Amino acid sequence: PPLWLWLALWGLWGSNGGGAEALAFAPGPPATCSPRCRHGGLCLANRTCLCSKGYEGERCQHATCYPKCKNGGECLRPGKCRCPPGYGGRYCHKVSCEGGCQNGGECISINGVVKCLCASGWTGSRCQEAICPQGCRNNGACVAPGICSCPAGWVGGACHLALCKLPCQHGGKCIAPNVCRCRLPYSGLQCTKKRKE
């Protein structure tokens, strides 16, 4: 396009009473702006800056992002936002949980607070801890929803059943690993000794 059209688009060429007049360009030595125009801005004759695309301000000192940075993000350079904690994406429009959410958890923002919304059976800041509603007894560990990993000598959904390598005899009951509770008149490791009366 002709120069006058380009200047009109930038608002540097106007009309006053039907006659066109140049507002910014004048013959003579090149204009100097102090402080100088930044980020490739052009210094005009009236000592103002014509900013290049993506910058604004009196001396083109401010980057502009389009769309604008969301959620309190700061525009560092055209199209590049610095996001506050909890947000990510090119324009800080995506909720981001530090370290991510595990086990099917979803990162959400509620009233500006970013956190993981855990799937059923999981808890913790990153949904990293399984929930065992029945509990895991005898130093068992909950490793998945409703599933305990039991230490040696214990079994059952809650690690509540003891194992005796040799079975308890005469109605005795295994109450701890390799420990029998005997019924009278029996005693001993496996309830095999009968007391004399």
Side-chain angles (χ1 to χ4, degrees), residues 1-132 141-147 149:
L3 179 60
W4 67 268
L5 180 58
W6 184 80
L7 292 172
L9 290 173
W10 281 92
L12 302 175
W13 191 277
S15 61
N16 189 1
E21 63 179 344
L23 298 176
F25 292 101
T32 55
C33 291
S34 181
R36 33 184 224 101
C37 304
R38 298 184 58 198
H39 301 107
L42 178 65
C43 183
L44 305 176
N46 62 357
R47 290 184 169 46
T48 61
C49 295
L50 175 63
C51 300
S52 56
K53 184 178 178 184
Y55 292 94
E56 63 185 10
E58 191 176 326
R59 294 292 176 233
C60 310
Q61 71 272 27
H62 302 293
T64 57
C65 289
Y66 184 80
K68 297 262 186 221
C69 301
K70 308 254 187 257
N71 299 304
E74 175 190 358
C75 187
L76 295 177
R77 61 179 182 269
K80 177 65 177 166
C81 297
R82 179 185 335 189
C83 303
Y87 296 94
R90 190 167 180 185
Y91 299 105
C92 307
H93 60 290
K94 294 180 181 176
V95 178
S96 172
C97 292
E98 190 164 332
C101 300
Q102 300 175 7
N103 302 303
E106 179 186 356
C107 188
I108 60 167
S109 175
I110 299 174
N111 298 325
V113 177
V114 177
K115 66 178 195 169
C116 291
L117 178 64
C118 300
S120 178
W122 296 95
T123 189
S125 61
R126 295 176 51 218
C127 306
Q128 74 278 15
E129 300 168 23
I131 298 172
C132 290
C142 187
V143 294
I147 299 174
S149 174

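Given the structure is predicted, the values throughout are model-derived calculations rather than measurements.
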Ignoring hydrogens and angles, write down the donor-acceptor pairs under 3.5 Å from the side chains of residues 116-129, residues two or more places apart or on other chains.
unit_1, atom_1, unit_2, atom_2, d
Arg126, NE, Gly99, O, 3.4
Arg126, NE, Gly100, O, 3.3
Arg126, NH2, Gly99, O, 2.9
Gln128, OE1, Arg126, N, 2.8

**Q.** Rounded distance [0.5 Å steps], CG in Leu42 versus OG1 in Thr48
**A.** 9.0 Å
Q.
To the nearest 0.5 Å, what is the distance between CG on Asn46 and SG on Cys33?
A. 8.0 Å
Q) Does anything in residues 40-72 pair up under ring pair (Phe, Tyr, Trp, His ring centres under 6.0 Å), and if so which pairs, sequence neighbours excluded? A) His39-Tyr55
Q: Can you run down the salt bridge (Lys or Arg N to Asp or Glu O under 4.0 Å) pairs that involve residues 55-66, sequence neighbours left out, and say none if there aren't any?
A: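 Passing the test, one end in residues 55-66: no pairs.
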Q | All pairs passing side-chain hydrogen bond (donor to acceptor under 3.5 Å, both in side chains) where residues 104-119 contributes a residue, at least two apart | A | Tyr87-Ser109
Q | Where at least one partner belongs to residues 68-82, residue pairs that pass side-chain hydrogen bond (donor to acceptor under 3.5 Å, both in side chains), sequence neighbours excluded | A | none
Q) Looking only at the SG atoms, are Cys49 and Cys60 under 2.5 Å from each other? A) no
(Q) Check Cys132 against Cys142 for me: are their SG atoms closer than 2.5 Å? (A)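 Answer is yes, sulfur atoms closer than 2.5 Å.
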Between [X] and [Y], what is the shortest heavy-atom contact and its length?
X     : Y     : answer
Ser96 : Gly88 : CB-N, 3.9 Å
Cys43 : Arg47 : SG-CA, 4.3 Å
His93 : Arg90 : CE1-N, 3.8 Å

Q | Non-neighbouring partners of Cys81 that pass side chain to side chain contact (heavy atoms under 4.5 Å, CB included), sequence neighbours left out | A | Cys65, Cys69, Tyr91, Cys92
Q. What residues form a side chain to side chain contact (heavy atoms under 4.5 Å, CB included) with Cys107, not counting sequence neighbours?
A.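 Cys107 satisfies side chain to side chain contact (heavy atoms under 4.5 Å, CB included) with Val95, Cys97, Cys101, Val114 only.
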(Q) Using only atom types and a distance under 3.5 Å, with no angle test, would you say the side chain of Thr64 pairs donor to acceptor with the backbone of Gly54? (A) yes
